[in-house]
Amino acid sequence: MAVNVIIMAAGKGTRMKSALPKVLHRVGGRSLLQHVLDAAAGLGDKHTVVIVGHGAEAVAAAVGPAATCVLQQPQLGTGHAVLQAVPALVDAHATTLILNGDVPLTRTATMAALLQACAGERLALLTVDLADATGYGRILRNGDAVQGIVEHKDATPEQRHIHEVYTGLMAAPTAALKRWVQALKNDNAQREYYLTDIVALAVAEGVPVVACAAPDETEVLGVNSPLQLADLERRFQRRQAEALMDAGVRLADPARFDQRGTLQCGSDVEIDIGCIFEGAVQIGEGAHIGAHCVLRDAVIAAGAVVHPFTHIDGAQVGAGALIGPFARLRPGAVLGAEVHIGNFVEVKNSTLADGAKANHLAYLGDTTVGERVNFGAGSITANYDGANKHRTVIEADVHVGSNCVLIAPLTIGAGATIGGGSTITKDVAPGQLAVGRGKQAAISGWSRPKKAPKA
Ligand code: UD1
Ligand code: MG
């Protein structure tokens, strides 16, 4: 069944008190509008129209080629918004689904159920029972039959006691929707064209109106303020955390977990508190992620342990590797199996072969490190000459002492040893010991200067 989808996104979002258009604020790293577009994408064959107004250029740019944008200027209400969209609807698509750009967590299945209830001939409303219905449009019924929606501001004190509210999502027969929005008037408390008034028009025409109950409150909550944005963020993270835990991932605390992209986990993965996962992250079987790590676009192989406070961005960690605490892996860091990267070690655009170690206070940039290399505490590769970057090659089984500076371009041959405190500027042949530092002098009988007596 091909459908039209209208997404309302012209509103200002005054209560966000932000220069950013409301629908471009983010939940789980994706804009509110993107959540709606993504959930609607799951419906399959459809034609999508986004109504833009406030921040129209930025919103249209965010939508991209995925949908047609129509401008609503000025914003005279939800009915007026849909009126702007109807010329862009595909007539042949019998059903039109209306969504809100600031209601991000509606599931595809709920949208599909609404379309099913409409079936191209009924007006289907998504409703929910709220303990506090303040501000929402109330569903008016005569017996069981839905008669209309009354907006909070227009409701009588009795009507305000109704807890069944309209969520802002509906599905309507396309041809009838066009007719109804053209007939709307703005004789109400807000002098707006209310989309909700089409319910009474449908009833008057004898078109059946059905109310579908939302599966849960989270699916229909909208964002109007930073507080509500943060609340939806936690609900969204809880949803993701539950999906991971259902798949067997052990989260130390689902309330202290943030996934802002995709996270694929093998079996027996453990994730401690306060971690943030961004972009596309994969974690292999049995890997452990310590507290307060930030992982972005990373692949962590099976059995690896990432100790607390580690930052990994655009990097790969091999099987059984030990990383951190307080390590930083930058883009292009590719670590083999059983590699050890310890505290305050930074690795950028470098490969470390199986079993290589840099355990303390080191920098490896633009470097190829062979198997079982030990890179000493405080040692660095000097990869930048002030204008260009150069590579360092450290072959297998090299031992680099502490506090060395390896000035690239440079090759250290297999099995070579670099004496602690050396500055190395020339290639070292395999098996050699290279020492490049001032010779130690011994001066006997030397007495230290003494403090002058106070005057
Ligand atoms: C609307 C419903 C109300 C429902 C509530 C659910 C109407 C008249 N009322 O009220 O019954 O309970 O949503 O959240 O529809 N928008 C435009 N152009 C406009 C006005 C609004 O694009 O001229 C967009 C907004 O950006 C928003 C959506 O339409 O995404 C809803 O508008 P909003 O002002 O939030 O409507 P409510 O007063 O909340
Ligand atoms: Mg609203």
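Residue numbers count from 1 along this sequence. Atoms within a ligand are numbered from 1 in the order they appear, just like the ligands themselves.
Close contacts of ligand 1 with Tyr136, meaning ligand atoms under 4.0 Å from a residue heavy atom, involve 6 (C), 12 (O), 14 (O). Remark: ligand 1 atoms within the under-4.0 Å shell around heavy atoms of Ala81 are 17 (C), 18 (N), 22 (O). Set against the non-hydrogen atoms of Thr196, the atoms of ligand 1 under 4.0 Å away are 7 (C), 8 (C), 9 (N), 11 (O), 15 (O).
Nearest residue to atom 20 (C) of ligand 1 from Gly77, Pro21, Gly135 is Gly77 (criterion: closest heavy atom). Which of Gly168, Gly79, Ala9 comes nearest to atom 13 (O) of ligand 1 through a heavy atom is settled by distance: it is Gly168. Here the shortest heavy-atom distance to atom 27 (C) of ligand 1, taken over Asn100, Val50, Val103, belongs to Asn100.
Here the closest non-hydrogen pair linking Phe375 and Tyr363 is CE2-O, 4.0 Å.
For the pair Gly53 and ligand 1, no heavy-atom separation below 4.0 Å is found. Ligand 1 lies less than 4.0 angstrom from a heavy atom belonging to Gln72. Ligand 1 has Thr167 within reach: a non-hydrogen atom of the residue lies less than 4.0 Å from it.
Using a 4.0 Å cut-off between charged side-chain N and carboxylate O, Arg234 and Asp258 make a salt bridge. With salt bridges taken as basic N to acidic carboxylate O contacts below 4.0 Å, one links Arg250 and Asp268. Using a 4.0 Å cut-off between charged side-chain N and carboxylate O, Glu205 and Arg179 make a salt bridge. Of the charged side-chain nitrogens involved, at least one lies within less than 4.0 Å of a carboxylate oxygen, so that Arg330 and Glu346 count as a salt-bridged pair. Under 4.0 Å is where a charged nitrogen must lie from a carboxylate oxygen, and between Glu164 and Arg141 at least one such pair does. A salt bridge between Asp91 and Lys178 is present, with a side-chain N of the basic residue lying under 4.0 Å from a carboxylate O of the acidic one.
Backbone and side-chain nitrogen or oxygen atoms of Tyr166 are examined, and one is located within less than 3.5 angstrom of a nitrogen or oxygen of ligand 1. The N/O atoms of Asn224, backbone and side chain alike, include none that comes under 3.5 Å of an N/O atom in ligand 1. Among the atoms of Glu151, some N or O lies under 3.5 angstrom from an N or O of ligand 1. The N/O atoms of Ala10, backbone and side chain alike, include one that comes under 3.5 Å of an N/O atom in ligand 1. For ligand 1, the polar-atom distance check against Tyr194 finds no nitrogen or oxygen pair separated by under 3.5 Å. At least one N or O atom of Gly137, backbone or side chain, sits closer than 3.5 Å to an N or O atom of ligand 1. Residue Leu195 has no N or O atom closer than 3.5 Å to an N or O atom of ligand 1.
The aromatic ring centres of His307 and Phe326 sit 6.0 Å or more apart.
A donor and an acceptor atom, one from each side chain of Arg26 and Ser31, are nowhere located under 3.5 Å apart. A donor atom on one side chain and an acceptor atom on the other are not found under 3.5 Å apart for Lys153 and Asn188. Between Asp366 and His390, the side chains place no donor N or O within less than 3.5 Å of an acceptor N or O (distance only, hydrogens not considered).
Here Leu76 has backbone heavy atoms under 4.0 Å from ligand 1, and that is the only part of it that gets that close.
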